[in-house]
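Everything on this sheet refers to the single structure shown next.
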Amino acid sequence: MLGSYLALGGKTLRQSLALRREQLGREQRIVHRFYPWDGYVPTAEPDVAGHSMLMVSWHGAPWAGILDGGSDGVIRSVARKLRDMDRPILLRWGWEMNGDWFPWSGAGNGQDPAGYVRVWRRLHRIFAEQGAGNVSWIWSPNWNSSPDVSWNQMQRYYPGDDYVDWVGVSGYNFYGESPATLFGPVTRRYGARKPIILSETAAVSGKAGYIRKLHTWVEDNPAVGAVVWFDTDIQEGTDHDFRFDTDPSALAAYRAMARDPHFNG
């Protein structure tokens, strides 16, 4: 499956989807949205086509306020809203936990990855109690750990096969990294057990070359079941432009990937 997070400057989601449909000659198979931990969570996503998968990145929170039961009401409410959307949903909670830039990271929560595992399993249990059977769970570390020390290795955060449906990974071509560098370790470690989703990827320069390499690498790695491009030029706090249509060669490379039957899942 091929899809994206879409936030294009000056355009609504509906307008952004229409532009990509015109450029690529196809719908997004996955549409990625971000929801806050305890703020607004919609009851529907009407701009996301019924035959597209909705992928929700649900923000995390410091672990203590979850493990003590104080957030159970929030969790139940989100579970019911996602359940009542009555569509398949890929849920990516507390992503990039092995980085040090989010309040739900191991670095910010006592350097105790086992605590993350307990939080994940609590969420999973509450969702099951609320009947949210339409939700599939994506566990999604960053491609490398920060800090890169033994306690913070991504595998220490893995909740267990019974609690994970997809293994995701975030990896960006910031400094010329290849897809093999970004995604090979996760795919080798988990690809025989779970389908892999490249849940965030993009490039800021050399885009055409990166897209062509990504195209080939995914075809050569059948454990990868989905690719989600981070398609925005308005990422808060940065000047990164991740759009693939910033130059004709990058657009042509992405169009070739999108039209390859391998990416028509």
Side-chain angles (χ1 to χ4, degrees), residues 5 7 32-45 54-85 89-170 186 194 197 199-200 230 235-238:
Y5 166 69
H32 182 191
R33 306 288 279 161
F34 286 84
Y35 294 167
W37 168 250
D38 58 357
Y40 170 73
V41 173
T43 56
E45 287 282 5
L54 175 62
M55 179 172 130
V56 172
S57 284
W58 182 26
H59 284 244
W63 306 343
I66 302 174
L67 291 173
D68 67 5
S71 299
D72 284 1
V74 169
I75 300 166
R76 286 193 293 266
S77 174
V78 173
R80 290 192 295 267
K81 286 183 177 181
L82 297 185
R83 177 197 67 194
D84 293 345
M85 283 191 186
I89 293 174
L90 300 169
L91 180 61
R92 187 177 74 139
W93 179 82
W95 63 97
E96 298 170 17
M97 74 302 292
N98 59 322
D100 56 6
W101 43 83
F102 288 132
W104 56 84
S105 70
N109 288 269
Q111 301 182 4
D112 177 27
Y116 180 91
V117 171
R118 293 194 297 274
V119 170
W120 182 283
R121 292 181 179 183
R122 186 181 191 93
L123 268 63
H124 194 280
R125 173 179 57 79
I126 293 173
F127 267 65
E129 292 169 352
Q130 298 302 310
N134 60 316
V135 171
S136 297
W137 292 77
I138 303 175
W139 175 74
S140 186
N142 197 57
W143 75 276
N144 60 352
S145 294
S146 180
D148 186 13
V149 293
S150 60
W151 68 261
N152 196 40
Q153 297 309 296
M154 67 177 68
Q155 60 269 24
R156 296 182 180 272
Y157 295 89
Y158 188 63
D161 288 351
D162 291 343
Y163 301 90
V164 172
D165 299 300
W166 291 73
V167 168
V169 57
S170 298
V186 168
K194 298 291 177 180
I197 177 169
S199 43
E200 288 189 31
F230 200 76
Q235 187 186 23
E236 184 177 353
T238 80

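- Side-chain rings of Tyr40 and Tyr35 stay apart, their centers remaining 6.0 Å or farther from each other.
- The shortest side-chain heavy-atom distance between Arg33 and Met55 does not fall under the 4.5 Å cut-off.
- Contact check for Leu91 versus Ile138: no side-chain heavy atoms found under the 4.5 Å cut-off.
- A distance-only check finds no donor-acceptor pair linking the side chain of Ser105 to the backbone of Asn98 [under 3.5 Å].
- In this structure, Gly99 and Ala107 approach most closely via the heavy-atom pair O-CB, 4.5 Å.
- Listed for the Ser136 side chain is no donor-acceptor partner under 3.5 Å among the backbone atoms of Asp165.
- The backbone N or O of Pro42 lies less than 3.5 Å from no partner atom in the side chain of Lys81, so there is not a single donor-acceptor pair.
- The closest side-chain donor-acceptor pair between Arg80 and Gln130 falls under 3.5 angstrom.
- Between Asp112 and Arg118, at least one side-chain N (NZ, or NE/NH1/NH2) sits under 4.0 Å from a carboxylate O, which counts as a salt bridge.
- Rounded to the nearest 0.5 Å, atoms CZ (Arg76) and CD (Glu129) are 8.5 Å apart.
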Exercise. How far apart are the C-alpha atoms of Tyr158 and Lys194, what are their side-chain angles, what is the distance that settles it, and do they pass the side chain to side chain contact (heavy atoms under 4.5 Å, CB included) test?
Worked result: CA-CA 12 Å; Tyr158 188 63; Lys194 298 291 177 180; 3.8 Å; yes
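- Trp137 and His124 have tilted rings, their planes meeting at an angle from 30° to 60° on a 0 to 90° scale.
- The main-chain N or O of Pro159 is found under 3.5 Å from a side-chain atom of Arg121 such that the two form a donor-acceptor pair.
- Closest approach of Asn134 and Leu82 over heavy atoms only: ND2-O, 2.9 Å.
- A salt bridge links Arg122 to Asp72: one of the charged nitrogens lies within less than 4.0 Å of a carboxylate oxygen.
- One finds the CD atom of Gln111 at 4.5 Å from the CH2 atom of Trp151 (value rounded to the nearest 0.5 Å).
- Nearest heavy atom pair, residue Trp63 against residue Pro113, reads CH2-CA, 4.4 Å.
- In this structure, the side chain of Asp100 does not engage the main chain of Gly108 through any donor-acceptor pair within 3.5 Å.
- Counting only distance, with no hydrogens or angles, the side chain of Ser57 and the backbone of Phe34 share no donor-acceptor pair below 3.5 Å.
- Between Ile197 and Val167 there is no side-chain heavy-atom pair separated by less than 4.5 Å.
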Exercise. After noting the C-alpha distance and the side-chain angles of Ser140 and Glu96, does the key distance pass the side chain to side chain contact (heavy atoms under 4.5 Å, CB included) rule?
Worked result: CA-CA 6 Å; Ser140 186; Glu96 298 170 17; 5.8 Å; no
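- For Tyr157, the ring pair (Phe, Tyr, Trp, His ring centres under 6.0 Å) criterion is met by Tyr116, not counting sequence neighbours.
- Here the CH2 atom belonging to Trp37 is positioned 12.0 Å from the NE2 atom belonging to His59, to the nearest 0.5 angstrom.
- Looking only at side-chain heavy atoms (C-beta outward), Asp161 and Val164 stay at 4.5 Å or farther from each other.
- Applying the salt bridge (Lys or Arg N to Asp or Glu O under 4.0 Å) rule to Asp38 yields no partners; only residues at least two apart in sequence or on another chain are considered.
- Atom OG of Ser146 sits about 7.5 Å away from atom CG of Asn144, to the nearest 0.5 Å.
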For this session: Apply side chain to side chain contact (heavy atoms under 4.5 Å, CB included) to the pair Asp84 and Thr43, showing each step before the final yes or no.
Result: CA-CA 7 Å; Asp84 293 345; Thr43 56; over 6 Å; no
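- When all heavy atoms of Gly65 and Ser71 are compared, the closest pair comes out as O-OG, 2.8 Å.
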Problem set entry | Intermediate values then yes/no, side chain to side chain contact (heavy atoms under 4.5 Å, CB included), Met97 and Met154 | CA-CA 8 Å; Met97 74 302 292; Met154 67 177 68; 5.8 Å; no
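- Checking each of Trp58, Trp120, Trp104 against Trp95 for a ring-ring contact (aromatic ring centres under 6.0 Å, His included) leaves exactly one that passes, namely Trp104.
- With Arg156 contributing its side chain and Ser150 its backbone, the two residues share a donor-acceptor pair below 3.5 Å.
- The backbone N or O of Pro62 lies less than 3.5 Å from no partner atom in the side chain of Asn109, so there is not a single donor-acceptor pair.
- Expressed to the nearest 0.5 Å, how far CD1 of Ile89 lies from CZ of Arg83 amounts to 11.5 Å.
- For Trp166, there are no ring pair (Phe, Tyr, Trp, His ring centres under 6.0 Å) partners at least two apart in sequence or on another chain.
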